[in-house]
Amino acid sequence: MKRKVHLVAAVLALLFLAVFWSSTVVAELFLSAAAVATVKQAIAWALLGFVPVMAVTGASGFSMGGKSKHPTITAKRKRMPVIGGIGLLVLAPAAVFLAQRAQAGVFDGVFYGVQALELVAGAVNLVLIGRNFRDGWNMRRRKRSSD
């Protein structure tokens with residue numbers, strides 16, 4: 001059961017982040033300022049789902065990994081604090097800040113600077129979560145083939 005919870009949470013976390021990142025890029029490149037504001041507001045509200053999904057992913061992963069010294073589990077365990085730190089210290093505050101600025105119609109240098117930081121941090125987290133997902137999938141495949 002724990003594995004299924006972890007898998008669902010990990011898939012949702014990856015999807016949330018991918019949708020946040022891609023919707024931001026599409027809105028900024030191709031849509032109006034009003035659409036950008038709508039996207040930014042939606043992302044800020046979606047944090048109410050994203051943050052718990054990330055917490056469940058991390059908690060279930062740490063629980064399943066236990067005190068294992070397996071190199072793949074160790075690598076996943078080392079990535080999680082970075083992923084969480086970027087999420088809590090950069091992505092969540094940036095999402096709220098950008099939503100507030102966009103709703104106020106303030107699309108200035110500060111907005112775009114924070115937007116750039118958010119996109120870079122989001123891309124880093126996508127890569128790190130993707131690596132954790134890949135490693136978890138490979139561990140699952142190896143376990144199944146050895147059964």
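Within the 4.5 Å cutoff, no side-chain heavy atoms of Met80 are placed close to those of Leu128. Two residues are said to be in side-chain contact when any heavy atoms from C-beta on lie closer than 4.5 Å; Val39 and Glu28 fail this criterion. A 4.5 Å side-chain heavy-atom check between Ile129 and Leu17 finds at least one atom pair inside the cut-off. Contact of the Lys40 side chain with the Glu118 side chain is registered, since non-hydrogen atoms from C-beta on lie closer than 4.5 Å. Within the 4.5 Å cutoff, no side-chain heavy atoms of Val25 are placed close to those of Phe30. The shortest distance between side-chain heavy atoms of Thr74 and Lys78 falls below 4.5 Å.
Although no hydrogens or angles enter the test, the distance criterion places a donor-acceptor pair under 3.5 Å between the side chain of Asn125 and the main chain of Ile83. Using modelled atom types, one side-chain atom of Gln103 and one backbone atom of Ala37 make a donor-acceptor pair closer than 3.5 Å.
Smallest separation of non-hydrogen atoms from Lys76 and Asn132: NZ-O, 3.1 Å. When all heavy atoms are compared, the tightest approach of Leu126 to Ala18 is CD2-N, 3.7 Å.
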In a table with atom names and distances, give each donor-acceptor pair under 3.5 Å that connects a side chain of residues 85-101 to protein atoms at least two apart or in another chain.
residue: Arg101; atom: NH2; partner: Asp108; partner atom: OD1; Å: 2.9
residue: Arg101; atom: NH2; partner: Asp108; partner atom: OD2; Å: 2.6

Output side-chain donor-acceptor pairs under 3.5 Å for residues 48-65, partner residues at least two apart or in another chain, one line each.
residue: Thr57; atom: OG1; partner: Ala9; partner atom: O; Å: 3.2
residue: Thr57; atom: OG1; partner: Ala10; partner atom: N; Å: 3.4
residue: Thr57; atom: OG1; partner: Val53; partner atom: O; Å: 2.8
residue: Ser60; atom: OG; partner: His6; partner atom: ND1; Å: 2.7
residue: Ser60; atom: OG; partner: Val56; partner atom: O; Å: 2.7
residue: Ser60; atom: OG; partner: Thr57; partner atom: O; Å: 3.2
residue: Ser63; atom: OG; partner: Lys2; partner atom: NZ; Å: 2.8

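In Arg134, the CZ atom is crowded: over 12 heavy atoms of neighbouring residues, nucleotides or ligands sit closer than 6.0 Å.
Checked against side chain to side chain contact (heavy atoms under 4.5 Å, CB included), Phe107 has the following partners two or more places apart in sequence or in another chain: Ala33, Val36, Ala102, Phe111, Tyr112.
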Problem set entry | Thr72 and Asn138: CA distance, side-chain angles, deciding distance, side-chain contact (heavy atoms from CB on, under 4.5 Å) verdict | CA-CA 9 Å; Thr72 304; Asn138 287 338; over 6 Å; no
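In this structure, Val19 is not a member of the same hydrophobic cluster as Trp21, with clusters built from ILVMFWY side-chain heavy atoms closer than 4.5 Å. Under a hydrophobic-cluster definition in which Ile, Leu, Val, Met, Phe, Trp and Tyr are linked whenever side-chain heavy atoms come within less than 4.5 Å, directly or via other members, Val127 and Val82 are assigned to different clusters. Under the 4.5 Å side-chain heavy-atom criterion for Ile, Leu, Val, Met, Phe, Trp and Tyr, Met139 and Leu14 are members of distinct hydrophobic clusters.
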